[in-house]
Amino acid sequence: MAGDELRVEGLAKRFGGLRVFHDINFRLPPGEILGVIGPNGAGKTTLINVISGRIQPSSGQVFLGGRNITGQPSHALSRLGVGRSFQQTNTFRSASVRENISRAIRFSRRSGSAVGLDLLLRDFQLTDRMNEQSDKLPYGLQKMLGLAMAYAIGPQVLLLDEPAAGLERGERSRIDGFVAHVREHGGCGVLIVEHDMDLIRRLCPRILVLDAGYVLADGPPAEVLARPDVIKAYLGAGDEDEV
Amino acid sequence: MEQFSQAMIIGVSLGAQYALLALGFTLIFGILGVVNFSHGGFYMLGGYVAYSCVYHLGLPYPLAVLAAVFATGALGYLFELVLLERVIDDHLSTLMLTLGLYLIVSTAVLLIFGPVSPEFPFPVSGAWRAGPIYVPLENLVVLAVCVCAIAGLYALLFSTDLGRGLRALADDRDVAMAQGMRPKLLFPLAFALATGLAGLTGALVTPILSLSPSVGDPVLATSFLTVILGGLGSLGGAALAAFVVGIVEAYTSVYFGGSVGALVLFILVLVILVFRPTGLLGREIRGA
Amino acid sequence: MAEPVEGALPRSSAGFSWAGFPWAEFAACLVFVAAFAIPSFTRSQLIYSIANQALVGVVAALSVWIMLRMNLLTFATPAFMAIGGYSVAILAPMGVTDAFALTAISFVVPALLALPLGALVLRLRGTYFVLVTYVLSEILQLILFMTPDLTGGSNGISGIPAVTFLGTELVSNRAVLKMACAIGLVACLITAGVTRYFRQHFAAIEENEILAESLGLVIWRYKVIGFVVAAGVAGLAGFSLVNMLLTAHPSSFSSGSAVDFIAYTIIGGRASILGPVVGTGLLVWATNLFGTQGQLAQGMYGVLILAVVLAAKGGITGSIATLFRRVRGAN
């Protein structure tokens, strides 16, 4: 199953007088992994919220597979195949792992690759814990469950909001596994907002740097991260997530 | 024409009272994210404190009003600090706590003062005449005090550090905390400020309208209509909507009699929700 | 399309499991069935009166509970009770006295009226719902007073003919009590049916609305379904109340009573359907026992609500369940 291309044109968001981001443009073809980085408050999460329909954009447009999906509510976008994960752990806390996954499938009314989902759950070692209550799982596994739910809707494009945040160093390799898995079994485009620069370098052939709501740079990590203005805006800010 | 201008003055005077209540309610909702079901209770309590000060302690009325402000403010402060703070992030729990407080306060007042409305006349009587227009002085006094209080609140919110802190918390709690605002200190203050305003309104208005243990219910309903009309969480909207509500009530009661006003306003609010869910001046609020 | 994927989820163990049996719903329905036996044990008018009050209260509390499944607090229960009750009071003198017809009418009329209101308000943030339902029950009182031709205004409607069951008039106190039991059972079955059928949807909305929506759930649609059913159930409570008093009067549906039904539900415990049943039973009994009527009872509810919110999150039933689990864990 191949995904659809996500195209963002002139996207902007203001809250009252406050400009969160302005004139964002990019394309995310199926199978590509795009990293989005930037200092706190650069508008990264809001960007995901706007693309996934949580928040209305102030101007600009979003296309999925050539179809204009701007301003549609998030439940409609989910049913069109826009999958997303959240920064904080986001599962239905008192439901079992199995119920969490089956809710994702039922609510989205979509079907992904059953084999792919099964393998993913095995990879995450969730198969043996299908009947456990999700908030009783270790934190890392809760986050993996969140990713598995976003994957279970059979997405055309996946938006991941800081998938590695709060994970131990050792657990972060699971994100690599997840992305590799999506490549192999889903083939959809993946947008990753992340602070962990090692992870971004490993996974993303291309990155977008946001600063104060503008796209500061767009290109391969090696090239972009060497630019003095990027270093000044982001890396030079002494971001503790880098350590 | 006389009737028309007289209704306008009554409406504006009502609007000023509603504004004080709605501003307090909005402060609490905007800053703490709490729907304060005890707001009508603080209004009622303000009335009873003022009444007790005048008739049991023999204080002059202005001092009684001040006492009402401090008593309701202090109760609000303690309630936020001791109880509400424990569940502040759980929307439904905070709502139920304020509801519980309202039930307790109104029952306590009922036990102490009984269900019958006490005799509590406004100390100023007489009327002001300008040609055909005739306005009771008590309305003018209330209007003057309310306008001063609203002006004072705006001055506090928009030109002091405390006010800037409070507004920052209302705009975006995370950003405000990152900038060093301390909700633990500011939340009880904001709650006390709002309940003090409700107490002030009660102390001023109940001598003119009526005072009874159940007087808080309609006041709460009016506050709700006002804040939805103005846009939930918007201070300017709440003030504007309060005058709209006051004026609509005054005119409907002059031209159509008693209770039609509330119905008209309810329908108006539903229509507003269809066409402009954010209210008159409301804007999109950031975050969840 | 979704089935094959769900089918592909690894199964834990095959076969039937008692864990999935709706015990709480079953027990709640049993309470209503058991209540039918009250007239066989006693002729005490006091007990009949308390049982009748409790049966009306439980049905109203079930209406509150349906919305609490989705974290929504409704104050509109008295309003929809009035709509159900007045529908019966207006139609019965016209010759519609059949128990089945009146039960259906008292459910359907408020449910239909709730539909447009819910569709409007439930698309907005939950806070709007709370505020609008509060105002609605205040407004309904005004409407009752303003429509004397239809509702009798401040006098209400009295002298309502008795309900007939298969041609027999239900006039005696025992018959009225049994009718209240039957209405209660119907309300309980409807509530249990809806909350079980939409269990996954309601639970998802209760726990994490944002996540549910991001997965494709059309939140407001399920909230409206819940609201419509809750309004219908409240209408049944109104029918039961009117049948008990044989009059429909504005004071029976005062906006203040909304707080009582909320108190029954929260104090009883909101986690299972047994909460409103147990809560209403105990609080109505306690209110009568201590002779604390009206406003004084509300003070007690206020204290208990504070206690539940601050100390015993699960209310009465939730605390008992926790205790039970702890004792079992210790053994």
Side-chain angles (χ1 to χ4, degrees), chain B residues 25 29 33-35 37-38 41 82-84 86-87 90-111 115 213-214 217-218 220-225 227-228 232-233 257-263 265-267 269-271 273-274 277-279 285 288, chain C residues 68 71-73 75 116-117 119-121 123-146 206 208-210 254-256 258-260 262-263 265-267 270 292 294-311 313:
Chain B
F25 185 87
F29 183 76
V34 169
V35 175
F37 266 89
S38 57
V82 177
L83 299 182
L84 207 51
R86 293 165 190 248
V87 290
D90 181 349
H91 184 72
L92 198 60
S93 292
T94 56
L95 199 160
M96 292 191 295
L97 278 191
T98 61
L99 186 63
L101 176 73
Y102 177 52
L103 294 177
I104 293 169
V105 166
S106 51
T107 307
V109 166
L110 183 71
L111 276 175
S214 61
D217 291 329
L220 192 61
T222 309
S223 299
F224 287 173
L225 280 176
V227 294
I228 298 177
L232 215 49
S259 48
V260 193
L263 187 61
L265 284 166
F266 184 62
I267 292 165
V269 159
L270 290 184
V271 171
L273 285 182
V274 175
T278 48
I285 296 163
Chain C
L68 267 177
N71 265 339
L72 289 168
L73 201 55
F75 283 82
L117 185 71
L120 168 60
V121 176
R123 283 168 181 263
L124 309 171
R125 295 165 70 184
T127 309
Y128 282 100
F129 177 79
V130 182
L131 303 190
V132 168
T133 56
Y134 186 89
V135 178
L136 179 69
S137 58
E138 294 274 332
I139 293 292
L140 200 95
Q141 288 283 318
L142 291 181
I143 295 177
L144 291 180
F145 283 110
M146 282 162 55
E206 182 191 10
N208 200 331
E209 218 176 293
I210 293 170
S254 75
S255 55
V259 177
D260 297 349
I262 289 171
T265 311
I266 289 169
I267 295 165
R270 46 182 287 220
T292 50
Q295 267 282 350
L296 296 187
Q298 290 208 336
M300 175 179 81
Y301 299 162
V303 173
L304 289 174
I305 288 176
L306 294 195
V308 166
V309 172
L310 294 169
K313 281 271 180 208

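Reckoned from all heavy atoms, side chains included, excluding hydrogens, waters and symmetry mates. Residue numbers begin at 1 in each chain, while the letters A, B, ... track the order of the sequences.
- When all heavy atoms are compared, the tightest approach of B/Ala221 to C/Glu138 is CB-CG, 3.8 Å.
- The candidate from B/Leu220, B/Val87, B/Val269 with the greatest count of non-hydrogen atom pairs under 4.5 Å with chain C is B/Leu220.
- You'll find the side chain of B/Ile228 stays beyond 4.5 Å of the side chain of C/Val135, heavy atoms only.
- What you find for B/Ala262 and C/Leu142 is that their closest heavy atoms are CB-CD1, 3.4 Å.
- At a 4.5 Å heavy-atom cutoff, the contact between C/Val259 and chain B is made by side-chain atoms alone.
- Only the backbone of B/Leu101 comes within less than 4.5 Å of a heavy atom in chain C; its side chain stays farther off.
- For a residue to count as touching a neighbouring chain, one of its non-hydrogen atoms must lie under 4.5 Å from one of that chain's; by this rule B/Val35 touches chain C with the side chain only.
- For B/Val227, the part lying under 4.5 angstrom from a heavy atom of chain C is the side chain only.
- Neither the backbone nor the side chain of C/Val308 comes within contact range of chain B; no heavy atom of the residue lies under 4.5 Å from a heavy atom of that chain.
- Using a 4.5 Å cut-off on side-chain heavy atoms (C-beta onward), B/Leu270 and C/Leu117 make contact.
- Heavy atoms of C/Leu124 lying under 4.5 Å from chain B belong exclusively to its side chain.
- The shortest non-hydrogen separation linking C/Gly299 to B/Ile104 is O-CG1, 4.0 Å.
- Counting heavy atoms from C-beta on, the side chains of C/Lys313 and B/Asp90 come closer than 4.5 Å.
- Ring-centre distance between B/Phe224 and C/Phe75: not below the 6.0 Å cut-off.
- Heavy atoms closer than 4.5 Å to chain C are found in the side chain of B/Leu95, but not in its backbone.
- The choice from C/Asn71, C/Ile305, C/Leu73, C/Leu120 that makes the most heavy-atom pairs within less than 4.5 Å of chain B is C/Leu120.
- Taking all atoms of both residues into account, the shortest heavy-atom contact from B/Leu232 to C/Thr127 is CD2-CG2, 3.7 Å.
- Most heavy-atom pairs under 4.5 Å with chain B: of the set C/Ile143, C/Leu136, C/Ile262, C/Leu304, this distinction falls to C/Leu136.
- Annotation: side chain of B/Leu97 is in contact with side chain of C/Leu310 (closest heavy-atom distance under 4.5 Å).
- For C/Ile139, the part lying near chain B is the side chain, with the backbone staying farther off; criterion is any non-hydrogen pair under 4.5 Å.
- With rounding to the nearest 0.5 Å, the separation of OH in C/Tyr301 from CG in B/Leu99 is 13.0 Å.
- Neither the backbone nor the side chain of B/Tyr102 comes within less than 4.5 Å of any heavy atom of chain C.
- Within the 4.5 Å cutoff, the side chain of C/Arg270 has heavy atoms near those of the B/Leu92 side chain.
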